[in-house]
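One structure below.
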Amino acid sequence: MLGKSRKSTLSAVSFGLILAGAAASAHAPTTLKDAFKGDFVIGAAINEAQITGQDARGDAIVLAQFNSISPENVLKWERIHPQPDQYNFALADQYVAFGRKHHMFIVGHTLVWHNQAPAWIFRDANGNLLSRDALLKRMRDHIDTVVGRYKGKIDSWDVVNEALNDDGSMRQSLWYKIIGPDYIEKAFEYAHEADPQALLIYNDYNLENESKREGAIALVRKLQAEGVPIGGIGLQNHDNLTWPSADAEDATISAFAALGLKVAITELDINVLPTGGHQPTADVTLRIEQNKALNPYVGGLPDSVQQQLAARYADLFRVFLKHRDVVSRVTLWGVSDGDSWLNNSPVRGRTSYPLLFGRAGQPKPAFDAVIRVAGKSTGN
Ligand code: GLA
C-alpha cells in the first residue's frame, strides 16, 4: 500500500518553521502522518473513551496526527469473549468503524496470548484442563469468529503475542503446555483461513536483546519452513531512556528484514521514570510498590529530561526511517501521556511521560524532534 518514496514534506515544515519565527514553543504546522507519508503508517493505540467519542481532545489528536489505530484493550480475549458462549462486539465494532470512517490502517490486537485471557479458555465445565484437540477447537472458533467478523476491515492481526521467554525459549503458557509448540502454527493457519488478505504478525517485547531475538528468529524460520503464513514481526518497543540502543534496534530490524518479514513497531513508548530495579519488560503482570523516589515528576517533567526524551525519540525514529523499506508501521502505545499504561504499571499511580503528546494534549519537544527526523532525511 505504501510507495516508500520520500516526498517533500520538508518544504512545508521549513516554511512552517519560518512562519513560527523564533517563538521557542512554536510547532511546525505539520503532522506525524504527513511527515512519514510514503515511509510507514503511524499509529496510536486508542482506548475506550477515544473509541466512543468521550475523549474529544484525544480524538482530535488521533485524527490530525495518525493514520493507523490499534485497540489498547477492546479486542483482547477477556474483553471480546468473556464467557464461552458470550461475545461482546459492541466496542470492537465501534473501534473498527472509527478506523474505517477515517480511512485508517486498522490493527487487530491480539488473538492468542497468555495474559488478559480468561481462565475458562483452558478448562472444561468441571474445571479440568482441556485436551489438545478441545483447546485447538476453542482457539479456532475464537479466531474464526473474531477475524471472520472483521474480514477485509482489519488490515493486520497480532496473531500470537509474547510466546517467548527472555532467554529465547518457548514460554510455558497453557497454550504451549496443552497444545504443544505448534499452537503458534495453528493460530496463524486459522487466522489466514479466516482472512487471507490480512497481514499476520508475531508480536513480542525485548526482541532487541540477543537471546530473545535468536529465539524469535528460530521460531520464524521454523514457521516459514512449514509454510505458515507469517507476514511480519511486531517489535513492541516499550523502551526507556537507555534501552534499547539505536544500534540494537537497527540490528534487530535488519535481522527480521533478512527473513523477508515486514517489521511493525507495535507499542512504542519511552519510559522516563525510575525502573525500581527491574529489567525493561512489557510484562503486564509485574507489580512494584509505589514510593516517592519512583515517582519523581509529579509536578512536571524537568526540561533536561524532556530533552533526553526528545533525543531518544529522534534516535529511534532515525533507525525506523533508515529501514523504511521494511518498516511498514510505527505505532505509539497511547495518544497522550495521561492515557499511558505506564501511569499504573509496573507501579500504580505514577505520573508518566512516555509519549509525544502531554497531559493537556500539547505536542512535546519529542514530537518536534520526531518531525525533524522525517524532514532531515529528505536532504533538504
Ligand atoms: C503488552 C501487550 C499490550 C499491552 C502492553 C502494555 O505489550 O501486548 O496489549 O497490554 O503490554 O499495556
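Note that ligands are numbered from 1 as they come in the structure, with each ligand's atoms numbered from 1 the same way.
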Quiz item: Would you say ligand 1 has an N or O under 3.5 Å from any N or O of Glu267?
Solution: yes
Self-check item: Minimum-distance pair of heavy atoms, taken over all atoms of Arg171 and Tyr205
Solution: NH2-OH, 3.4 Å
Those atoms of ligand 1 less than 4.0 Å from some heavy atom in [X]:
| X | answer |
| --- | --- |
| His238 | 5 (C), 7 (O) |
| Gln116 | 10 (O) |
| Trp113 | 2 (C), 10 (O) |
| Trp341 | 6 (C), 12 (O) |
| Gln236 | 1 (C), 7 (O), 8 (O) |
| Lys76 | 3 (C), 4 (C), 9 (O), 10 (O) |
| Asn161 | 2 (C), 8 (O) |

Quiz item: Any Lys/Arg nitrogen of Arg132 or Asp182 sitting under 4.0 Å from an Asp/Glu carboxylate oxygen of the other?
Solution: yes
Quiz item: Got a salt bridge between Lys212 and Asp204, using NZ or NE/NH1/NH2 to carboxylate O under 4.0 Å?
Solution: yes
Quiz item: Looking at residues at least two apart in the chain, or sitting in another chain, which of them share a ring pair (Phe, Tyr, Trp, His ring centres under 6.0 Å) with His109?
Solution: Trp333
Quiz item: Quick one: does Trp120's side chain have a donor or acceptor within less than 3.5 Å of a partner on Pro82's backbone?
Solution: yes
Quiz item: For the residue pair Phe357 and Phe367, does the interplanar ring angle fall in the parallel (under 30°), tilted (30 to 60°) or perpendicular (over 60°) class?
Solution: tilted
Which atom pairs, donor and acceptor, lie under 3.5 Å between side-chain atoms of residues 250-258 and protein residues at least two apart or in another chain?
from   : atom 1 : to     : atom 2 : distance (Å)
Asp250 : OD1    : Lys322 : NZ     : 2.7
Asp250 : OD1    : His323 : NE2    : 3.0
Asp250 : OD2    : Lys322 : NZ     : 3.3
Thr252 : OG1    : Arg213 : NH1    : 2.7
Thr252 : OG1    : Ala248 : O      : 2.6
Ser254 : OG     : Asp250 : O      : 3.0

Quiz item: Between Trp333 and ligand 1, which residue portion shows a heavy-atom distance shorter than 4.0 Å: side chain, backbone, both, or neither?
Solution: side chain
